[in-house]
There are 2 protein chains.
Amino acid sequence: MQLRSHDHNKCIEAAVNAARDICHRRETRFTPLRCKVLELVWNSHAPVSAYELLDMLSQEGRKRAAPPTIYRALDFLIEEGLVHRLESLNAFIGCPDPAHKHQGHFLICRTCRTVTEVNDKKLIARLTKAARLQGYSCETSMVEIVGLCVECQN
Amino acid sequence: MQLRSHDHNKCIEAAVNAARDICHRRETRFTPLRCKVLELVWNSHAPVSAYELLDMLSQEGRKRAAPPTIYRALDFLIEEGLVHRLESLNAFIGCPDPAHKHQGHFLICRTCRTVTEVNDKKLIARLTKAARLQGYSCETSMVEIVGLCVECQN
DNA sequence: TTTTTTATGATATGTTATATCTTCTCTTTC
DNA sequence: GAAAGAGAAGATATAACATATCATAAAAAA
């Protein structure tokens, strides 16, 4: 895994606290369900699918939820910038820096499936430029790079 | 549409001829079905979904084909670099430059849905660099930029 | 407290994709 | 040319991902 042994509970806790704080400031509702889903998304640093989240929810003792339950929660979390969607994997991952909303750009390790978010100003500049060269504007950009993470290269 | 009035039959014909040539050189089989699917993909400069292709195939007088038929043809065409997959749209588009295999990077117009392929060396360099900065290698990269094309900006 | 709004539950269905087994059609070999 | 083998396509079933819609509940506003 990308992040060597670390206290992952702290990751989850930090994400939840940040989310609560952000939603409070924005006066959006960080309900118990949304909180729970965010925790589940943060269960690992690997992306997770909607139906995996659904299974996890069931194992929390709740009655089996239906797909819209999870998709609605994910929609909210994505809208608030707390979670990103990985288009090439149909999967979701927590945003490590939700304070300012942004489009996520990702590095995906092909062997351990760990995903790392990139925040590269020059990359964003180049994406905008590449679009402009063809006369397009750049409103949002999906970038998903597949390769090997540091660990898996050894 | 991105490309103003043009003889689109020429686009299709050129794509098919290039494909036939490439497959012949590589000794891979450009069968009638694969050829037909490539033509259908090239019916427009907008991306097309697998099930749309399936519908189009049916309207060609053939007996209704099953999904694996189209997915297998698409897998072949993608493998040969004749078609690209747009991850964010679950759709497919013909490659305008199939002579050398490459990962496509795309500009997607949010209003007319026209897609233009980008080939920007500096962008590729920056993607590689962004990955390396985090210790990742860059094997393939998916880039899909959504904005407005020249026409739709007016 | 009543009204209104927003979130969640429940049911059904739509959309995208693959696994698997069979049949057909070439190509190779004898 | 016939038999064997390989690869492509057909057929069936089902898996995986996602949304529409209506009902109910909970929270906020009036």
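Chain A is the first sequence line, chain B the second, and so forth, proteins listed ahead of strands; every chain is numbered from 1.
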A:Arg34 side chain N/O closer than 4.0 Å to the phosphate oxygens (OP1, OP2) of C:dA7?
yes
Using a strict cut-off of less than 4.0 Å between a Lys/Arg side-chain nitrogen and an Asp/Glu carboxylate oxygen, indicate whether A:Asp55 and A:Arg64 qualify as a salt bridge.
yes
Side-chain donor-acceptor pair under 3.5 Å between B:Glu144 and B:Ser88, yes or no?
yes
Among B:Thr116, B:Val146, B:Ile108, the one residue meeting side chain to side chain contact (heavy atoms under 4.5 Å, CB included) with A:Tyr136
B:Thr116
Length of the CZ-P vector between A:Phe92 and D:dA16, whole Å:
16 Å
note: B:Phe30, atom CZ; D:dA9, atom P; distance rounded to Å ~ 11 Å
For B:Ile70, the option from B:Leu54, B:Asp75, B:Leu33 that meets side chain to side chain contact (heavy atoms under 4.5 Å, CB included)
B:Leu54
Gap between atoms CG and P, on B:Leu33 and C:dC24 respectively (whole Å)
17 Å
Quick note, B:Lys63 side chain, CB onward, closest among D:dA11, C:dG9, C:dA17 is D:dA11
Whole-Å gap separating P (C:dA10) and CG (A:Leu57)
13 Å
Hey, is the side chain of B:Arg72 pairing donor to acceptor with the base of D:dG7 inside 3.5 Å?
no
Any carboxylate oxygen within less than 4.0 angstrom of a Lys/Arg side-chain nitrogen, looking at B:Glu13 and B:Lys10?
no
B:Arg29 CZ - D:dA9 P separation (whole Å)
7 Å
Using the closest heavy atom to pick a nucleotide of DNA chain D for each, name whichever of A:Leu89 or B:Pro68 lands nearer the 5' end.
B:Pro68
Could you tell me the separation between the CG atom of A:Leu54 and the P atom of C:dT8, rounded to a whole number of Å?
14 Å
Between the base of C:dA17 and the side chain of B:Tyr51, is there a donor-acceptor distance below 3.5 Å?
yes
Rounded interatomic separation in angstrom, taking CZ from B:Arg26 and P from D:dG7
18 Å
Output yes when at least one side-chain N/O atom of B:Tyr71 is less than 4.0 Å from OP1 or OP2 of C:dT18, else no.
no
With a cut-off of less than 4.0 Å, is there a side-chain N or O of A:Arg64 near OP1 or OP2 of C:dA10?
no
D:dC17 P sits how many Å from A:Ile70 CD1, rounded?
13 Å
For C:dT15, does either OP1 or OP2 sit under 4.0 Å from a side-chain N or O belonging to B:Asn90?
no
At under 4.0 Å, does any side-chain N or O of B:Thr31 touch on OP1 or OP2 of D:dA9?
yes
Side-chain contact check for B:Ser49: nearest option of D:dA27, C:dT16, D:dG7 is C:dT16
Please determine whether a side-chain nitrogen or oxygen atom of A:Arg85 lies at a distance below 4.0 Å from atom OP1 or OP2 of D:dA18.
yes
